[in-house]
Amino acid sequence: MIQRPRGTRDFGPVEMAKRRKVESAMREACAVFGFGEVVTPTFEHAELFTLRSGQNVVDEMYVFRDKGDREMALRPEITASVVRFYVNEMSNFPKPLKLYYVGNCFRYENPQSGRYREFFQLGAELIGTKNPESDAEVIALAVNCIRSAGLENFVVRVGHIGILKAMVNKEIGDEKLAGEVLHMIDKEDWDAMGEMFDARALPRQLFDKIAAIADMKGELELLNNLDQSEATGYLQELFGVLKLYGIEDCLIDMGIVRGLDYYTGMVFEIDAPRLGAEKQIMGGGSYTLSELFGGEPVFSTGFAIGIDRVVLALEAEREIAVPAQLDAYVVPAKDDMRKYAFGIVARLRSQGLRADVDLMRRSMSKNLKYASSVNARYAVIVGKEEMAKRMVTLRDMKSGEQRQVMADDIASEIRKS
RNA sequence: GCCGGGGUGGGGUAGCGGUAUCCUUGGGGACUGUGGAUCCCUUGACCCGGGUUCGAAUCCCGGCCCCGGCCCCA
């Protein structure tokens, strides 16, 4: 027997119904915000991803050489592809450009709860503008996606890496060292950072200042404790717009560093607290990527939502309700009614109902049992007596009530309920 | 890459040195025009590969996969 590759999943009909429901709700949110869908290739030149990402991402990429000896990679994320697409073909589209995508991504990691080697993301990029209102727009979309998916318990944290990045770069000078410090901030590894500061004889004052800023997590008012700067003013303005959008429960978290390579300003994350270790369901921020791929510098803001994690978080709250798979199951009472039954089911289907008919030549008793076990809403029983009157017996599978209706009226009768 | 805990029919389980239990599900029948009840029949499993042994689902080693955690991240 051939097993499914490690870290991948098969999704059955019931699970897919739930996933599609969640996905459609988030797609609709994107559409409502004026974002248009794009689809990019599942694999790209490996270089597209190695250019912008650090060694970490490269190590966990699925890379292979194709038959033309090109180095290709399964996409570990989709933002890079969208930006490439933008640079290649959309750079003179009217701004702001609003794009969203849904797709599978691949990372060679060790699977655990909420982490898979093939996973699914929905993301959006707002290209061509950088100001508090465009960042707020993107945050509002992310929050609306999560909300319309039906999730209730989640935490939005917004930060700005400009402050720390500028401070660290300025005070430390050495670019590589500064990068390491930012990394430690991201991990909140104060011990390691302290040791490093001692070893390099860096001023203790700077350490305290960095730690104090990175530790600022909470309400917007926290910013009042910080020296007024471009970044604090930016965030205050951003929160003001969010409020106008009806989003008031965002927290400040100046400790978010995220990837640290390409994010330049606002950064934000959303957690679903009940998820455990892998509780982050979304990450995003503003960046400038296009010049990396040979385009003009363009400011963008984007995010990516982990669909798998959203589904997990939703199911931790309550079961995702999906409609019954079948509206009607047509059962012939006797063998000589079978042809009539096919005609009935064909008509129901053409009227847009989810309808099915016995294909196993089963007895009426077995057919009703089957209809029950697949959760059909109605059994449409066709027999000799009914056929003579161009009627059928419509049986409500839940209540057991049944009545005769004209064959022409089945769909409208079912739609009534 | 590292650390725990696991892998017995489709799902859930018992057995833990003598080739497998029970429940459920699937198919058929009792029931030839009325289901979710009962009864009967039937399909179907010891993750893979080595080793120890007269004999391995059971013990040992390696691998694969699953669950959870670290790292990293969605």
Side-chain angles (χ1 to χ4, degrees), chain A residues 1-10 12 53-61 75-79 102-123 142 145-146 154 183 186-187 189 256-261 268-272 275-284 302-313 329 331-338 341 358 360-387 392-404:
Chain A
M1 197 173 71
I2 297 173
Q3 285 178 317
R4 163 163 37 83
R6 183 170 166 76
T8 62
R9 290 154 297 159
D10 298 310
S53 321
Q55 191 62 33
N56 290 329
V57 174
V58 177
D59 287 343
E60 62 190 31
M61 258 197 324
R75 58 187 179 196
E77 47 104 14
I78 301 182
T79 299
V102 182
N104 51 349
C105 302
F106 306 84
R107 287 184 201 173
Y108 194 91
E109 289 191 280
N110 225 332
Q112 65 189 65
S113 173
R115 170 183 294 181
Y116 307 96
R117 289 187 171 175
E118 181 186 26
F119 57 99
F120 295 77
Q121 288 193 333
L122 176 147
C145 283
I146 305 287
F154 60 92
H183 191 61
D186 193 35
K187 293 201 300 182
D189 192 348
I256 304 176
V257 175
R258 292 200 60 72
L260 38 109
D261 306 0
F268 72 122
E269 296 180 346
I270 298 181
D271 297 336
L275 241 38
E278 302 294 320
K279 66 179 167 41
Q280 193 186 323
I281 56 176
M282 189 250 35
F303 67 80
I305 292 173
I307 297 177
D308 310 282
R309 292 184 182 176
V310 171
V311 171
L312 283 172
Y329 183 73
V331 352
K334 287 241 180 91
D335 279 342
D336 50 351
M337 295 298 113
R338 293 196 183 276
D358 174 36
M360 289 183 74
R361 305 185 179 179
R362 275 193 278 227
S363 68
M364 177 161 167
S365 165
K366 291 278 177 179
N367 269 326
L368 285 171
K369 190 173 173 180
Y370 173 80
S372 163
S373 64
V374 299
N375 278 319
R377 290 170 58 209
Y378 287 93
V380 176
I381 302 166
V382 302
K384 202 167 196 169
E385 295 160 27
E386 290 94 326
M387 192 171 89
V392 299
T393 296
L394 195 57
R395 179 180 178 86
D396 184 324
M397 291 303 287
K398 212 165 210 165
S399 64
E401 286 169 34
Q402 56 184 53
R403 65 209 142 95
Q404 295 205 344

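Letters go in sequence order (proteins before strands), and every chain restarts at 1.
- Considering only residues two or more places apart in sequence or on other chains, R6(A) meets the salt bridge (charged side-chain N to carboxylate O under 4.0 Å, His left out) condition with none of them.
- Heavy atoms of M282(A) sit under 4.0 angstrom from primed sugar atoms or phosphate atoms, though from no base atom.
- Comparing atom distances between the M360(A) side chain and each of rC65(B), rG28(B), rC71(B) picks out rG28(B) as nearest.
- One donor-acceptor pair, N or O on each side, does fall under 3.5 Å between the base of rA74(B) and the side chain of E109(A).
- A cation-pi arrangement, defined by a distance under 6.0 Å to the six-membered ring centre and an angle within 45 degrees of its axis, is absent between R117(A) and F106(A).
- Distances were taken from every side-chain heavy atom of L368(A) (C-beta onward) to each of rC72(B), rG35(B), rA74(B); the shortest belongs to rG35(B).
- Look at CD on Q3(A): it is 6 Å from C1' on rC47(B), rounded to the nearest Å.
- Computed from coordinates, the M61(A) CE to rC73(B) P distance equals 15 Å when rounded to whole Å.
- Taking 3.5 Å as the limit, the base of rC72(B) and the side chain of R115(A) contain a donor-acceptor pair of atoms between them.
- G7(A) comes within 4.0 angstrom of sugar-phosphate atoms only, judged by non-hydrogen atoms across all strands, and of no base.
- Relative to the side chain of I381(A), the nucleotides rG36(B), rC70(B), rG33(B) differ in distance, and rG33(B) lies closest.
- Backbone-only contact: Q280(A) has heavy atoms under 4.0 Å from sugar-phosphate atoms and none from a base.
- Among the protein residues, R362(A) comes within range of the sugar-phosphate backbone only, with heavy atoms under 4.0 Å from sugar or phosphate atoms but none that close to a base.
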